[in-house]
Amino acid sequence: MINSIFEAILQILSDVSSRGQHGYDAVVLLALLVNYRKYEVCTYTVIELLGCFLSQGMGMVVHQALTEYNRQYKDKEEENQGGFFSTLTSMVGSMFIADADEKLSVQTNEAILLALYEAVHLNRNFITVLAQSHPEIDIAATPITPTPTTPTTPLGTTPPSLDNLMVEFIVTHMMKDFPMDLYLRCVQIIHKLLCYQKKCRIRLHYTWRELWSALINLLKFLLSNETTLLAKHNIFHLALLVVNLFNMFITYGDTFLPTSNSYDELYYEIVRMHQVFDNLYCMVLRVSTNTGQWKEAASKVTHALVNVRAIINHFNPKIESYAATNHISQLSEEQVLEVVRSNYDTLTLKLQDGLDQFERYSEQPKEAAFFKELVRSISLNVRKNVSLNTLSQDVLLKEFSTIS
């Protein structure tokens with residue numbers, strides 16, 4: 001029986017007419033079937049799943065569903081941006097930590113997200129299927145013309161898009177009900193992308209300053225809300241991951257940053273925002289030198305900051321000396337960059353091991369509980385919303401009889 005179900009789903013997804021009528025439900029059913037007793041017994045073969053997950057029809061259904069979700073969110077956003085007073089309220093509200101319930105609320109399409117996850121998890125080539133241009137659904141595709149001497153990624157525009165998505169998440173979810181688990185995943189995704197770039201020597205022409213700024217603002221948020229956040233979370237683990245991202249850029253940036261100027265800009269940002277790193281060091285030093293729950297976690301951050309602090313302590317006096325010698329009260333960015341470029345030779349950094357290593361994703365056992373709860377939620381939602389009243393038995397039987 002299970003074999004014929006997969007064949008039927010594939011036939012629905014392959015036919016334009018049936019896909020338009022039943023494609024969404026077929027993808028939801030596929031997601032639920034894949035997760036049926038997932039950790040107990042395998043009721044399907046990889047060949048059967050690949051047939052569905054490599055189907056362009058499935059890519060179209062997923063794309064349409066996610067496009068509709070984005071449209072709903074955009075409409076909701078526009079509804080909340082009407083008039084001067086609404087804008088003023090939003091501006092004032094953004095000065096403070098946002099509450100979770102103040103965010104725009106749009107019903108998340110859990111079933112499609114689960115289907116997308118399973119497709120990518122079981123077959124990495126599904127990304128290619130999803131990213132292809134389909135005339136039926138008018139997917140806009142922007143080709144990239146790579147520099148001949150620079151290796152390019154097989155995922156096309158995906159890494160920059162992912163970086164943009166991660167940056168957007170970082171800057172828009174600093175709230176009282178802090179989503180620590182999602183922030184950890186977000187930073188780990190960025191780390192894995194950097195590791196991939198380093199390994200393959202891929203130089204993405206990306207505005208890295210936006211990422212650095214977002215990460216520094218995240219550290220500022222952790223510092224400003226230390227007491228509140230520590231009551232619920234180990235903020236030192238997240239701070240360590242963020243600092244190690246900067247260490248990754250410092251140590252290996254020359255292998256994946258697009259130009260030498262990008263490396264100069266990294267040092268400029270670290271020096272410019274030195275107060276944040278100074279405050280972080282003071283905080284973790286205070287916690288690590290006292291007995292308490294977070295002593296060891298804070299100590300790891302202290303050691304991770306060694307190169308960041310070396311950069312700050314090396315360049316700050318030279319920048320101040322340059323300003324005093326030239327009688328300039330406030331240096332321009334280009335002047336600071338000039339000081340940075342002319343003083344690399346005397347900078348001493350420590351080699352830090354393991355920066356380009358990461359824990360590979362494994363669904364079981366860490367994520368098993370999450371997916372069981374997610375599937376249960378989707379099943380309940382499907383049962384609540386499914387309706388066969390609009391379809392006569394004659395029509396259903398006629399459609400089923402055509403499935404070979």
Side-chain angles (χ1 to χ4, degrees), residues 77 90-100 102-104 160-194 204 206-250 253 257 262-285 287 297-298 300-302 304-305 307-309 311-312 315-316 333 336-337:
E77 189 178 38
S90 176
M91 290 172 59
V92 174
S94 66
M95 298 177 187
F96 306 95
I97 305 173
D99 287 307
E102 289 176 358
K103 297 294 179 183
L104 295 178
S161 301
L162 265 179
D163 283 324
N164 284 333
L165 184 62
M166 296 304 103
V167 168
E168 183 176 350
F169 176 85
I170 290 172
V171 300
T172 58
H173 287 76
M174 299 179 199
M175 59 184 75
K176 291 178 182 177
D177 188 14
F178 190 70
M180 175 62 77
D181 184 57
L182 295 180
Y183 266 97
L184 291 173
R185 292 176 188 275
C186 176
V187 174
Q188 287 167 346
I189 288 171
I190 296 170
H191 180 229
K192 289 178 181 179
L193 285 172
L194 294 181
L204 293 180
Y206 176 74
T207 311
W208 291 107
R209 272 190 170 184
E210 293 181 4
L211 173 60
W212 300 330
S213 176
L215 292 172
I216 292 172
N217 283 329
L218 176 56
L219 291 177
K220 287 174 65 176
F221 178 82
L222 296 180
L223 288 167
S224 301
N225 299 277
E226 174 192 349
T227 305
T228 304
L229 294 175
L230 272 179
K232 298 180 180 179
H233 308 291
N234 176 6
I235 63 173
F236 301 105
H237 181 44
L238 178 58
L240 177 64
L241 294 178
V242 171
V243 172
N244 277 338
L245 283 184
F246 280 100
N247 286 330
M248 186 82 179
F249 280 104
I250 292 167
L257 288 174
S262 301
Y263 203 71
D264 301 335
E265 290 170 357
L266 167 66
Y267 279 61
Y268 171 82
E269 285 299 315
I270 291 174
V271 173
R272 186 176 72 88
M273 301 301 294
H274 71 90
Q275 194 62 57
V276 176
F277 294 106
D278 291 342
N279 292 342
L280 177 62
Y281 180 75
C282 291
M283 190 261 278
V284 294
L285 186 64
V287 176
K300 291 179 180 178
V301 183
T302 305
L305 281 166
N307 281 341
V308 172
R309 297 189 70 242
I311 291 169
I312 293 169
F315 286 108
N316 261 351
E333 178 178 333
V336 173
L337 286 171

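In this text the structure is predicted, and so the values were computed from the model without any measurement.
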Step-by-step side chain to side chain contact (heavy atoms under 4.5 Å, CB included) determination, Y268 to E333: CA-CA 8 Å; Y268 171 82; E333 178 178 333; 3.5 Å; yes

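- Ring pair Y263/Y267: centre-to-centre distance below 6.0 Å.
- Within the 4.5 Å cutoff, side-chain heavy atoms of L211 are placed close to those of L215.
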Step-by-step side chain to side chain contact (heavy atoms under 4.5 Å, CB included) determination, F169 to I189: CA-CA 12 Å; F169 176 85; I189 288 171; over 6 Å; no

Verdict with reasoning, L241 to L245, per side chain to side chain contact (heavy atoms under 4.5 Å, CB included): CA-CA 6 Å; L241 294 178; L245 283 184; 5.9 Å; no

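- Between atom NE2 of residue H173 and atom CG of residue L218 there is a gap of 12.5 Å, rounded to the nearest 0.5 Å.
- Sorted pairs that involve residues 229-245 and meet salt bridge (Lys or Arg N to Asp or Glu O under 4.0 Å), not counting sequence neighbours, are lacking altogether.
- Rounding to the nearest 0.5 angstrom, the gap separating the CG atom in L280 from the NE2 atom in H274 is 14.5 Å.
- The structure places OG1 of T207 at 10.5 Å from CG of D163, a figure rounded to the nearest 0.5 Å.
- Between the OG1 atom of T228 and the CG atom of L222 there is a distance of 11.5 Å, given to the nearest 0.5 Å.
- Looking at heavy atoms from C-beta onward, Y281 lies out of side-chain contact with V308 at the 4.5 angstrom threshold.
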Steps toward side chain to side chain contact (heavy atoms under 4.5 Å, CB included) verdict (I270, W212): CA-CA 9 Å; I270 291 174; W212 300 330; over 6 Å; no

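- Across all their heavy atoms, L285 and T302 have their closest contact at N-OG1, 4.1 Å.
- Across all non-hydrogen atoms, the minimal contact from I170 to C186 is CG1-SG, 3.7 Å.
- With rounding to the nearest 0.5 Å, the separation of CE in M180 from CD1 in I235 is 7.0 Å.
- Rounding to the nearest 0.5 angstrom, the gap separating the CZ atom in F246 from the CD atom in E269 is 8.5 Å.
- Contact annotation: the side chain of H191 never approaches that of N244 to less than 4.5 Å [non-hydrogen atoms, C-beta and beyond].
- Between S262 and L257 the shortest heavy-atom distance is CB-CB, 4.0 Å.
- The main-chain N or O of A304 is found under 3.5 Å from a side-chain atom of N247 such that the two form a donor-acceptor pair.
- Using modelled atom types, one finds no donor on one side chain facing an acceptor on the other under 3.5 Å when comparing E168 with N164.
- For the side chain to side chain contact (heavy atoms under 4.5 Å, CB included) with I312, the lone residue among L305, N307, D278 that qualifies is D278.
- No more than 12 heavy atoms of other residues, nucleotides or ligands sit less than 6.0 Å from atom NZ of K220.
- Aromatic ring orientation, Y183 versus F178: parallel (interplanar angle below 30°, classes split at 30° and 60°).
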